[in-house]
Amino acid sequence: MSTPGRSSAQAARFVHPGAWWLWACCLAAAVTRTTNPVLLLLALTVVVLVVIARRPDAPWARSFTMYAWLGLFVIVTRMVLFVLIGSKAGPTILVTLPTVDLPSWAAGIQLLGPIPLEDLIAALCEGLRLATMLLCFGAANALANPRRLLRALPAAVRDIGTAVVIALTVVPQLAESAKRVARARELRGTSVKGVRALRVIALPVLQDTLDRSLLLAASMDSRGFGTRHSVSHRDRRLVGVLSLGGLMAVCVGLYGLLDDRGDQAIPLWATVATVAGLVLGALAVWWGGRRVPRSVYRSDPWKSAETIVSLCGVTALVAMIVALERNPLATIMPLEPTLGTPLVPLTAVLGLLVAALPAFVTPPLPPKPKRGPRQHQQMQEIS
């Protein structure tokens with residue numbers, strides 16, 4: 001008879017990385033359809049809540065703070081660019097700056113000048129949308145172990161997945177290297193801080209990041225990643241045609257789905273093209289992976305928790321699409337003819353609240369192993 005503590009310890013596990021990425025991509029796709037600040041702030045709150053509740057204590061999970069600073073930088077940059085060269089046509093003038101005359105070849109671009117309140121708020125909402133999208137992908141990086149994601153990829157896309165996973169680990173490695181260098185400087189008693197310390201820290205952080213990347217590449221090469229197997233010319237050509245055709249169909253379909261059409265419905269050809277592209281891509285992956293031998297040690301299970309996480313993200317996306325199709329005015333911040341209060345569709349709000357359920361319904365994280373500092377760091381690097 002098992003004790004309650006033992007059963008709870010057995011239930012604690014990591015959620016499949018593919019489920020977290022599907023959840024984050026659905027949230028990012030839902031965010032792209034609106035500049036409503038209420039919906040954007042709600043989506044941002046959902047992302048932060050899930051990350052705080054389910055982020056593991058690992059080096060690659062500590063990069064979410066860097067994504068948050070990057071999002072803030074995007075918002076500030078978008079507003080600064082509007083003040084400098086933005087199109088200013090709002091009726092409510094917030095402040096008047098001196099106008100800089102530009103040459104004739106730059107006709108139509110106004111440098112500085114009067115700053116309307118309505119246009120400034122529009123720039124803020126656009127920057128907030130892009131920042132929320134960045135935080136969605138930052139949440140996927142913080143919640144999903146990139147090495148476990150590579151292990152879960154199909155055999156046909158192993159080479160591409162290896163390159164993508166290494167690229168995704170750049171930001172987490174930079175964050176970990178910056179903390180390690182800062183800790184070493186504190187132990188040496190260095191008192192230089194702030195912007196002046198950036199020049200001293202930049203080179204050691206870059207060198208440490210490159211060393212860790214080379215160590216990752218060497219370890220992957222020793223495990224057989226990147227090995228080539230004989231594939232017939234016919235199979236290679238068929239996989240290429242299927243992959244290229246599926247990619248082109250998905251691009252065309254997504255353009256039709258994400259295009260701003262006002263009050264018009266989603267065209268049928270966009271849905272057909274997207275579904276056809278996904279089917280062609282799945283066929284290419286299946287056909288290309290038939291003759292690629294690969295074994296997986298201790299594969300990540302896909303259970304009910306992963307299904308719930310995926311369905312929560314899909315529900316948020318579908319709810320956002322349905323709500324904004326019913327009321328197109330809720331997609332934007334009302335700025336014309338006068339500044340107004342944004343509409344808040346209940347369906348979209350409920351969909352975003354459903355997206356927050358993974359913070360409560362997913363299994364708890366496994367406890368940290370009781371090891372020495374050096375051994376624990378090595379285990380985190382190879383996990």
Side-chain angles (χ1 to χ4, degrees), residues 15-55 64-65 67-68 70-72 74-75 78 121-122 124-144 254 257-261 263 265-266 274 304-335 340-363:
V15 178
H16 195 286
W20 286 127
W21 271 101
L22 180 59
W23 172 83
C25 290
C26 289
L27 272 182
V31 167
T32 59
R33 302 187 60 85
T34 180
T35 56
N36 190 324
V38 177
L39 298 179
L40 293 177
L41 290 175
L42 181 58
L44 189 62
T45 304
V46 167
V47 170
V48 174
L49 174 64
V50 175
V51 169
I52 293 176
R54 289 296 180 262
R55 179 176 59 176
F64 187 73
T65 304
Y67 280 96
L70 180 60
L72 181 60
V74 167
I75 296 175
R78 179 64 183 88
I121 293 178
L124 174 62
C125 293
E126 292 175 359
L128 181 61
R129 175 173 62 178
L130 182 55
T132 307
M133 293 172 58
L134 287 174
L135 284 179
C136 288
F137 294 108
N141 267 320
L143 295 171
L254 290 178
L257 292 175
L258 300 178
D259 185 27
D260 188 8
R261 298 170 304 279
D263 56 350
I266 297 177
T274 304
S304 58
E306 284 76 10
T307 304
I308 292 175
V309 171
S310 303
L311 289 179
C312 288
V314 174
T315 301
L317 177 59
V318 173
M320 183 74 73
I321 294 175
V322 171
L324 300 184
E325 288 291 335
R326 291 179 178 177
N327 190 1
L329 295 178
T331 61
I332 59 174
M333 176 73 184
L335 301 173
T341 304
L343 301 177
V344 183
L346 181 60
T347 305
V349 172
L350 293 178
L352 292 176
L353 292 179
V354 170
L357 290 180
F360 309 100
V361 300
T362 51

Nearest atoms (heavy-atom pairs only) where G351 meets A319: CA-CB, 3.7 Å
SG on C25 to CE on M133, rounded to 0.5 Å: 10.0 Å
Spacing of OG belonging to S310 relative to CH2 belonging to W20, to within rounding of 0.5 Å: 9.5 Å
Separation of L128 CG from L44 CG (nearest 0.5 Å): 6.5 Å
V48 side chain reached by F64 side chain, heavy atoms, under 4.5 Å: yes
Set of residues satisfying side-chain hydrogen bond (donor to acceptor under 3.5 Å, both in side chains) with respect to T307, sequence neighbours excluded: W302
Distance in Å, L27 CG paired with M320 CE, rounded so as to fall on 0.5 Å steps: 8.5 Å
Pairwise distance CG(N141) to SG(C136) - rounded to 0.5 angstrom: 12.0 Å
Sub-4.5 Å side-chain heavy-atom contact between I308 and P358: no
Stepwise side-chain contact (heavy atoms from CB on, under 4.5 Å) check, V31 with L39: CA-CA 8 Å; V31 167; L39 298 179; over 6 Å; no
Min side-chain heavy-atom separation N327-P345 under 4.5 Å: no
V50 side chain near L357 side chain, heavy-atom distance below 4.5 Å: no
Distance-only side-chain donor-acceptor flag, T35 / R129, under 3.5 Å: no
Test side-chain hydrogen bond (donor to acceptor under 3.5 Å, both in side chains) applied to T347 - qualifying residues, sequence neighbours left out: none
With C26, the side chain to side chain contact (heavy atoms under 4.5 Å, CB included) member among T315, L311, V314, V318: V314
N36 (side chain) donor-acceptor with L343 (main chain) under 3.5 angstrom: yes
Shortest non-hydrogen contact between I75 and G127, atoms and distance: CG1-O, 3.5 Å
Which atom of A316 lies closest to which atom of A30, heavy atoms considered: O-CB, 4.2 Å
Close side-chain approach of V309 and T362, heavy atoms under 4.5 Å: yes
Any side-chain heavy-atom pair of V47 and T132 under 4.5 Å: no
E306 (side chain) donor-acceptor with A19 (main chain) under 3.5 angstrom: no
CG on L49 to CZ on F360, rounded to 0.5 Å: 4.5 Å
Short side-chain to backbone donor-acceptor contact, W23 and C312, under 3.5 Å: no
Backbone of A29 reached by a side-chain donor or acceptor of T32 within 3.5 Å: yes
Test side-chain contact (heavy atoms from CB on, under 4.5 Å) applied to V349 and L42, step by step: CA-CA 8 Å; V349 172; L42 181 58; 3.9 Å; yes
Any donor-acceptor pair under 3.5 Å from R33 side chain to I321 backbone: no
Which atom of V51 lies closest to which atom of A142, heavy atoms considered: CG1-CB, 4.5 Å
Nearest heavy-atom neighbours spanning A348 and A323: N-CB, 3.7 Å
